[in-house]
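So the structure is just underneath, and the comments pick up after that.
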Amino acid sequence: MCGIVAYVGSRPAYPIVIDGLKRLEYRGYDSAGIATIEFDGSLLLKKKKGKVADLISYVGNSEPQGTIGIGHTRWATHGPPNDINAHPHRGSTDRLAIIHNGIIENFSAIRETLTCRGHNLLSETDSEVLAHLIEEVMSGSSLNLFDAVRAALSQVVGAYALVVIDKENPSSLIAARKSSPLVIGIGEDGSYYIASDATPIVSHTKNVVYLEDEEVALLDLNEGLRIRTISNDIISPEVHALEMEIESIEKGGYEHFMLKEIFEQPQSIRDSIRGRINLQQGELKMSGIDDHWGKWSNASRILILGCGTSWHAGLVAEYLFEEFARIPVEVEYASEFRYRNPIIREDDVVIAISQSGETADTLAAIKSAKAAGAHVFGVCNVVGSSIARETDSGAYTHAGPEIGVASTKAFTSQVAVLTIIALHVGHRKGTIAPERFTRLLAELNNIPELVEKVLEQAGRIDSIAEQFSRAENALYLGRGYQFPIALEGALKLKEISYIHAEGYPAAEMKHGPIALIDDDMPVIFIAPMDDVYEKVVSNVQEVKARGGKLLGIVTEGDKEVASLADHAIEIPRCDDALAPLLSVVPLQLLSYRMAVLRDCNVDQPRNLAKSVTVE
Ligand code: AGP
């Protein structure tokens, strides 16, 4: 997810665009840039790795003076954060500049075609191809920029929110969107604003138009605002009056970033699987695996390293790899692994999981595994992060920036990507039944819609949270694929509500923890109708007999656990292996609401940091 800002009007664009980028840094902050059309007709472009503040320092006193400009603050998806990969991007000539938020799935094919036609692309990004493609369309026709952008985008597969400026048309901006947001602001003085959300616009005007998918807009000081679809249908702009305050807009109208990120999960999971599932051909695409297939096909063991929530994602992956790829898996806390002189073999494959890509213990553990000759595969959310650069290969989760300290969307994106990897390895090894593989692909592709159904129960979960919020302890219980979710649910509650919570395998209750049960103890059972359901029902009965306030996370239509528990939250039926992606969501919402009811600082809990870069 990146931040986009653009302006055309009678005032200098630079301060307007820079202020707008500062408001959008929550969307991405690894590099930033601005392009303006100056009074001498030149296209001036300044961009820099780092935050907006670094761009401002870089520009110094030589501030652009043009009254039309576009700006971008990046969250890298293709190509590490550096000056060249920063946006805006030019085409081959010095005429156009473009900023883009999204993922162009077919950018490699487009890049190859453009290179063959003499275009010299400088960056590693997918976005740069858009500038060259629009240029190529214009050079081969008499199309104006508005029509050329439409024609170019008809060749693009993927997601985009983009703005283009053309130094030969210094009074107009061209914008387009598909699956990435764009808001147009209409100034009282005839000026125009464009941004990824209303945050950079609301201080200038309250009159906005929300661009819809596959729409292209011309914002011209003389011609006004014109909107067409990619297929050239004319759209009448619908002007809305903004009512939100700036602060709430950054959080998308949510009270906290954590809640926003919980609700972003249908989209973040879509972005994580985008371009990796091909239902038509019934296959998965994971080049980070295929480029090193010899390591995976000969692996005698998979070691999974991580910390905290990432370690929990690794535990889910243990069940996935042992079921689908039939490779023995060991999941290790990175902090323990690195200090205990572990036995690492050259035919080990190590998977390192990290949202930030900067966790010191995980990075150190990776280095010791590499030193012993193991192949290390990274699953990270931050492109170009230390762990992403240290590993031999990897896959990005593309969950977008996660601001809340408690990891939510990054976790489900990690699990989604790990599911794809395990299925892909199993499919290539022939250790997964073809019909189950095909069914799982279709079900995984539909998970975002099922997560949306779970999120519809947020109100019910809030009312349960009110009954649990005064607890001092809590137990989370699950079996099989749901045991890691019990641990994750407990961690969520601990770290933001400061209630002591433990996750346990449900069967372990009889070996001690059941002594803890009393009438005040919330006990959360994660009990979907999977292949250990009957065993979990017995555990529920054992706990019920000893008191406790029971909450069951159950499959839609469940009667047994739902009748035993004091409360039940239903999740849609799905394959056992995919159920963690659904069952964790009610636990995220429960912990969030309990923390809010206890007046805790949900986004920045005490004693915690978003990335533990110290040992
Ligand atoms: C998760 O809610 C915590 N904030 C924490 O456990 C986190 O998962 C852990 O520090 C690992 O971080 P990483 O994924 O960035 O490596």
Side-chain angles (χ1 to χ4, degrees), residues 286 288-381 385-397 407 410-411 413-426 428-429 431-432 480-481 483-484 487-488 505 577 580 612 615:
M286 192 52 76
I289 302 288
D290 297 337
D291 295 347
H292 302 272
W293 179 243
K295 297 290 186 183
W296 292 85
S297 58
N298 297 318
S300 60
R301 176 178 67 159
I302 292 177
L303 274 173
I304 300 180
L305 305 174
C307 301
T309 286
S310 294
W311 182 75
H312 295 152
L315 288 175
V316 176
E318 177 176 10
Y319 290 87
L320 292 165
F321 276 100
E322 294 204 347
E323 177 174 4
F324 298 130
R326 304 307 294 158
I327 301 174
V329 177
E330 290 175 35
V331 186
E332 301 252 10
Y333 280 118
S335 55
E336 286 298 305
F337 178 81
R338 64 177 292 203
Y339 289 119
R340 64 171 178 76
N341 191 19
I343 297 168
I344 305 167
R345 298 186 293 259
E346 288 196 353
D347 60 355
D348 282 340
V349 167
V350 174
I351 299 177
I353 305 171
S354 176
Q355 186 285 129
S356 63
E358 300 300 341
T359 299
D361 284 325
T362 308
L363 186 57
I366 289 167
K367 289 177 177 174
S368 60
K370 282 184 71 177
H375 176 74
V376 184
F377 184 96
V379 177
C380 290
N381 193 39
S385 57
S386 303
I387 289 175
R389 283 181 281 112
E390 185 62 35
T391 48
D392 298 309
S393 69
Y396 287 117
T397 48
S407 188
F411 173 73
S413 286
Q414 288 169 345
V415 173
V417 169
L418 289 161
T419 302
I420 288 174
I421 294 167
L423 289 173
H424 186 51
V425 173
R428 284 201 62 167
K429 288 185 65 180
T431 50
I432 179 172
Y481 278 105
F483 164 48
L487 296 174
E488 175 58 13
V612 182
E615 299 179 354

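- T419 pairs by the side-chain hydrogen bond (donor to acceptor under 3.5 Å, both in side chains) definition with nothing, not counting sequence neighbours.
- Closest of all the heavy-atom pairs between V417 and A395 is CG1-CB, 4.0 Å.
- Applying the side-chain hydrogen bond (donor to acceptor under 3.5 Å, both in side chains) rule to T362 yields no partners; only residues at least two apart in sequence or on another chain are considered.
- Below 30°, between 30° and 60°, or above 60°: for W296 and F377 the angle between ring planes is above 60°, a perpendicular geometry.
- Side-chain N or O atoms of S356 include one that pairs as donor or acceptor with a backbone N or O of E358 at under 3.5 Å.
- Residue pairs meeting the salt bridge (charged side-chain N to carboxylate O under 4.0 Å, His left out) criterion with at least one partner in residues 304-321, sequence neighbours excluded, do not occur; the list is empty.
- Put simply, the side chain of L315 does not reach to within 4.5 Å of the side chain of I304, judged on heavy atoms.
- Rounding to the nearest 0.5 angstrom, the gap separating the OH atom in Y319 from the OH atom in Y481 is 9.5 Å.
- In terms of heavy atoms, L418 sits closest to A313 at CD1-O, 3.7 Å.
- You'll find the side chain of V415 reaches within 4.5 Å of the side chain of V316, heavy atoms only.
- Checked against ring pair (Phe, Tyr, Trp, His ring centres under 6.0 Å), F483 has no partners two or more places apart in sequence or in another chain.
- Atom CG of residue D348 and atom OG of residue S300 lie 5.0 Å apart, to the nearest 0.5 angstrom.
- Rounding to the nearest 0.5 Å places CG of L320 at 12.5 Å from CD1 of I327.
- Residues passing the ring pair (Phe, Tyr, Trp, His ring centres under 6.0 Å) test with F337, sequence neighbours excluded: none.
- Across Y396 and A388, no two heavy atoms sit closer than the pair OH-CB, 3.4 Å.
- Take T391 and apply the side-chain contact (heavy atoms from CB on, under 4.5 Å) test, not counting sequence neighbours, and it matches I366, V376, I387.
- Residue pairs satisfying the salt bridge (charged side-chain N to carboxylate O under 4.0 Å, His left out) criterion with at least one member in residues 319-332, sequence neighbours excluded, are listed as follows: R301-E330, E323-R436, E332-R340.
- Pairing each heavy atom of A325 with each of K429, the nearest pair is O-NZ, 3.2 Å.
- Under the side-chain contact (heavy atoms from CB on, under 4.5 Å) criterion, S297 pairs with W293, not counting sequence neighbours.
- A372 and E346 get closest at one heavy-atom pair: O-CG, 3.8 Å.
- In this structure, CD on E390 lies 8.5 Å from OG on S386, to the nearest 0.5 angstrom.
- When all heavy atoms are compared, the tightest approach of G357 to C380 is CA-SG, 4.1 Å.
- Taken to the nearest 0.5 Å, the CD atom of Q355 stands 5.5 Å off from the OG atom of S407.
- In terms of the side-chain contact (heavy atoms from CB on, under 4.5 Å) criterion, residue partners of D290 (sequence neighbours excluded) are, by chain and number, H424, R428.
- With rounding to the nearest 0.5 Å, the separation of CD1 in I344 from CG in L303 is 7.0 Å.
- By the side-chain hydrogen bond (donor to acceptor under 3.5 Å, both in side chains) test, D291 is found to be paired with no residue, residues two or more places apart in sequence or in another chain being considered.
- Residues passing the side-chain contact (heavy atoms from CB on, under 4.5 Å) test with S310 are I353, Q414, sequence neighbours excluded.
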- Task: Report the C-alpha separation of W311 and L305 in whole Å, then their side-chain angles, then the decisive distance to 0.1 Å, and conclude whether the side chain to side chain contact (heavy atoms under 4.5 Å, CB included) test is met.
- Result: CA-CA 7 Å; W311 182 75; L305 305 174; over 6 Å; no
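- Looking at K295, its side chain never comes within 3.5 Å of a backbone N or O of H375 through a donor-acceptor pair.
- Residues passing the side-chain hydrogen bond (donor to acceptor under 3.5 Å, both in side chains) test with T431: none are found, sequence neighbours excluded.
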